[in-house]
There are 2 protein chains.
Amino acid sequence: MATMTAAQRRDQEREAYNAYVAECPSRQVLDALSDKWVTLVLTALADAPRRYSELSRTIAGVSQKMLTQTLRLLERDGLVTRTITASVPVRVDYQLTPLGRTLLPVVRAIKDWSETHISEVRAARVAYDHAAPGT
Amino acid sequence: MATMTAAQRRDQEREAYNAYVAECPSRQVLDALSDKWVTLVLTALADAPRRYSELSRTIAGVSQKMLTQTLRLLERDGLVTRTITASVPVRVDYQLTPLGRTLLPVVRAIKDWSETHISEVRAARVAYDHAAPGT
DNA sequence: CGGAATCCTTTCCGATACTG
DNA sequence: CAGTATCGGAAAGGATTCCG
């Protein structure tokens with residue numbers, strides 16, 4: 001009966017962790033913010049509603065797939081609204097919800113820290129890479 | 001000569017975007033924070049230095065590989081220091097640098113937003129999923 | 001104890017083609 | 001215009017094994 005006990009214990013720990021993380025508010029939000037494009041979309045919508053095609057152009061380099069996926073995610077989380085105007089051709093506008101707007105200061109906090117400390121981070125990287133160039 | 005022009009244009013846009021992103025301080029920092037384990041490690045080190053094994057136990061569910069990788073990343077960015085005590089067995093302590101500590105308020109900002117608004121996000125998700133259960 | 005190196009699965013994401 | 005559906009390569013990440 002003792003076979004795989006260690007592996008099973010680890011499995012259970014991981015399951016417990018996964019359950020914990022699934023519950024943890026910070027982790028859920030962080031996972032959302034972590035998404036490569038989320039903050040860029042939020043920033044793009046900060047000032048005014050935008051059409052899909054506007055976002056596509058504003059956020060240079062985003063693929064259509066990722067843009068749509070990101071927008072769906074934000075819509076699901078109640079951070080943006082999607083408004084369809086059934087004209088010809090179709091027009092779709094996205095805009096931040098009040099909830100979405102409350103997230104902007106957080107994004108700004110990250111941005112501010114970045115701009116303040118990025119030079120130190122870069123210097124640290126150079127020093128680190130210089131110390132161990134081979135790795 | 002006009003063959004693949006569209007694809008080429010897209011490639012160039014993506015390259016330009018990638019170059020832009022590579023330069024952008026906010027993106028660099030966000031990429032770092034985005035890392036699944038970075039904030040957890042920072043939080044674990046907030047109050048006191050910790051040994052590797054302590055971190056491993058505190059941050060339940062992290063694999064040895066990811067923990068080491070995360071710590072190396074933070075060390076490279078000048079956010080934590082790594083101190084080796086050459087006893088038997090070896091002892092390694094990690095602690096936040098002053099720079100690393102300046103990041104704690106940002107992490108807290110995310111945490112605060114999360115705890116304040118997570119119920120709204122969850123409600124939005126339920127509503128969204130209820131409206132389109134099939135997808 | 002604190003890793004490094006390897007393998008191998010899963011997940012991400014861009015490219016492409018098609019639709020209302 | 002604003003998507004959806006699908007596929008294949010790349011990358012992330014877990015499990016395992018070995019070392020100072």
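Values in this document were obtained by computation on a predicted structure and should not be read as measured data. Per chain, numbering begins at 1; letters A, B, ... match sequence-line order.
For the OP1/OP2 pair of C:dG3 and a distance below 4.0 Å, the side-chain nitrogens and oxygens of B:Y94 include at least one atom meeting the criterion. At C:dG3, one or more side-chain N or O atoms of B:R82 fall inside 4.0 Å of OP1 or OP2 (strictly under the cut-off).
When distances are taken from the side chain of B:R72 to each of C:dA4, D:dG3, C:dG2, the shortest belongs to C:dA4. Proximity note for B:M66 (side chain, C-beta onward) versus C:dG2, D:dG13, D:dA2: the nearest is D:dG13. Listed nucleotides: D:dA2, C:dG3, D:dG14. Nearest to the side chain of B:Q64: C:dG3. Residue A:K36 places its side chain closer to C:dC13 than to any other of C:dC13, D:dG13, D:dG3.
Remark: P of C:dG2 and CD of B:E75 are 15 Å apart, rounded to the nearest angstrom. Computed from coordinates, the A:L55 CG to D:dA2 C1' distance equals 12 Å when rounded to whole Å. If you measure from atom CG of B:D35 to atom P of C:dT11, you get 18 Å, rounded to the nearest angstrom. Protein atom CZ of A:R91 is 8 Å distant from nucleotide atom P of D:dA2, rounded to whole Å. Counting to the nearest Å, the C1' atom of C:dA15 and the CG atom of A:L67 are 16 Å from each other. Separating the CD atom of B:Q69 from the P atom of C:dG3 is a distance of 14 Å, rounded to the nearest angstrom. Here the P atom of nucleotide C:dC12 and the CG atom of A:L73 are 11 Å apart, to the nearest Å. Remark: C1' of D:dA11 and CG of B:D31 are 14 Å apart, rounded to the nearest angstrom.
Each of A:L74, A:L79, A:L103, A:L42 was evaluated against A:L96; a single residue qualifies, A:L42, per the side-chain contact (heavy atoms from CB on, under 4.5 Å) test.
Hydrophobic clustering of Ile, Leu, Val, Met, Phe, Trp and Tyr side chains at less than 4.5 Å, counting indirect connections, unites B:Y94 with B:V90.
Comparing B:T68 and B:R51 by the nucleotide of DNA chain C whose heavy atom lies nearest to each, the residue mapping closer to the 5' end is B:R51. Summary of the strand contacts: A:K65 and A:S53 both lie near DNA chain D, and taking for each the nucleotide with the nearest heavy atom, the more 5' one is attributed to A:S53.
The CD1 atom of A:I59 lies 8.0 Å from the CH2 atom of A:W37; values are rounded to the nearest 0.5 Å.
Looking at A:R82 and A:R72, their side chains come closer than 4.5 Å, going by heavy atoms from C-beta outward. B:L104 is listed as a side-chain neighbour of B:R108, based on a closest heavy-atom distance under 4.5 Å.
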